Amino acid sequence: MTATVFIRNIPADTDPKRLGRFVADGLDPRPGFLPWRRKGGILAIKIMALLDVETRLAEYHGLVEVESELAADLVVKRLNLRVFGGRRVVVRRYRERSPANDRRHGQSQATARLFYDRRAGDRRRRCLEWTTVAATGAVPSPAKPADADMAFTKFNPRPGG
């Protein structure tokens with residue numbers, strides 16, 4: 001089963017190849033271990049731009065799909081709070097959020113009074129536009145040369161363009 005890792009606060013000039021090398025460092029065995037004991041591979045990489053409509057500031061995040069849950073946990077453990085491209089990045093497992101899996105919705109009034117939730121409202125930023133800046137399909141194994149071909153598709157970062 002595949003798992004997705006979310007990498008927050010990446011530099012704006014990051015391309016999927018560079019992000020893939022960063023994540024591959026978290027997947028590679030540590031020195032002294034057998035090189036064929038790799039925990040998993042990278043399946044896909046997506047770089048997204050989130051634009052705050054009010055301030056017109058953009059932030060960039062990466063989504064990296066890896067082969068297994070174990071590989072995702074390993075990447076999070078090894079790469080969280082490391083420096084990438086001059087910035088300290090936050091690496092965590094990606095969770096799809098929807099109103100259907102929000103525990104605050106669908107409660108009766110009596111249940112809501114019994115279990116007081118400080119997060120009564122939705123804390124998500126409402127004025128965001130997101131676009132996919134770059135994406136790849138299958139990414140070659142880190143054992144291949146660094147200049148190996150990758151499927152790289154450039155998308156228009158402007159919303160609606």
Side-chain angles (χ1 to χ4, degrees), residues 1-98 101 118-119 122-159 161:
M1 181 171 182
T2 64
T4 305
V5 177
F6 177 76
I7 303 168
R8 183 176 184 190
N9 197 29
I10 61 176
D13 62 346
T14 302
D15 64 339
K17 188 181 231 180
R18 192 168 138 209
L19 187 60
R21 284 194 301 262
F22 177 69
V23 173
D25 287 344
L27 288 172
D28 282 343
R30 296 183 184 229
F33 285 91
L34 302 174
W36 59 83
R37 298 288 307 244
R38 229 169 129 235
K39 299 294 183 195
I42 299 170
L43 301 175
I45 299 171
K46 183 189 288 187
I47 297 176
M48 300 182 313
L50 287 145
L51 178 67
D52 189 334
V53 176
E54 292 176 351
T55 63
R56 303 305 292 173
L57 295 175
E59 44 187 76
Y60 294 86
H61 307 297
L63 289 173
V64 180
E65 187 177 352
V66 293
E67 287 180 353
S68 68
E69 305 273 334
L70 180 63
D73 292 338
L74 191 63
V75 167
V76 169
K77 181 179 175 185
R78 289 186 181 172
L79 299 180
N80 190 25
L81 300 178
R82 279 192 40 194
V83 175
F84 171 67
R87 293 180 171 206
R88 188 167 303 275
V89 295
V90 174
V91 180
R92 64 176 174 81
R93 294 284 297 271
Y94 177 73
R95 292 181 308 273
E96 185 76 31
R97 289 201 268 177
S98 72
N101 66 5
R118 290 181 298 164
R119 300 178 306 153
D122 196 358
R123 298 181 299 166
R124 298 180 201 172
R125 295 181 283 178
R126 299 195 187 285
C127 53
L128 287 180
E129 293 176 0
W130 70 272
T131 58
T132 301
V133 177
T136 66
V139 177
S141 166
K144 291 184 180 179
D147 60 344
D149 291 334
M150 291 177 53
F152 179 81
T153 307
K154 189 81 171 168
F155 291 97
N156 188 350
R158 288 176 287 141

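Just so you know, these numbers use all the heavy atoms, side chains as well, and skip hydrogens, waters and symmetry mates. Not measured: the values here are computed from a predicted model.
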Distance from [X] atom [atom1] to [Y] atom [atom2], nearest 0.5 Å?
X     : Y     : atom1 : atom2 : value
Glu67 : Ile42 : CD    : CD1   : 9.5 Å
Leu19 : Phe84 : CG    : CZ    : 5.0 Å
Ile10 : Arg87 : CD1   : CZ    : 9.0 Å
Leu63 : Met48 : CG    : CE    : 4.5 Å
Leu70 : Met1  : CG    : CE    : 14.0 Å
Leu79 : Arg92 : CG    : CZ    : 15.0 Å

Might you work through the side chain to side chain contact (heavy atoms under 4.5 Å, CB included) test for Tyr60 and Val133, ending with a clear yes or no? CA-CA 9 Å; Tyr60 294 86; Val133 177; 4.0 Å; yes
Going by heavy atoms in the side chains, are Arg56 and Leu51 under 4.5 Å from each other? yes
Within 45° cone and under 6.0 Å: Arg95 NZ/CZ vs Phe6 ring: no
Could you tell me which non-hydrogen atom of Pro11 sits nearest to which non-hydrogen atom of Gly85, and how far apart they are? CG-O, 3.5 Å
Under 3.5 Å, side chain of [X] to main-chain N/O of [Y], donor-acceptor pair present?
X      : Y     : value
His61  : Ile47 : no
Thr136 : Ile45 : yes
Asn80  : Val91 : yes
Arg78  : Asp28 : yes

Would you please test Val23 and Val5 for side chain to side chain contact (heavy atoms under 4.5 Å, CB included) and show each step? CA-CA 9 Å; Val23 173; Val5 177; over 6 Å; no
Check this for me: does any side-chain nitrogen of one of Glu65 and Lys46 sit under 4.0 Å from a carboxylate oxygen of the other? no
With a 4.0 Å cut-off on N to O distance, would you call Asp73 and Arg93 a salt bridge? yes
Between Val90 and Ile7, is the side chain to side chain contact (heavy atoms under 4.5 Å, CB included) condition met? List the steps. CA-CA 6 Å; Val90 174; Ile7 303 168; over 6 Å; no
Can you check side chain to side chain contact (heavy atoms under 4.5 Å, CB included) on Cys127 and Asp52, steps first, answer last? CA-CA 6 Å; Cys127 53; Asp52 189 334; 3.2 Å; yes
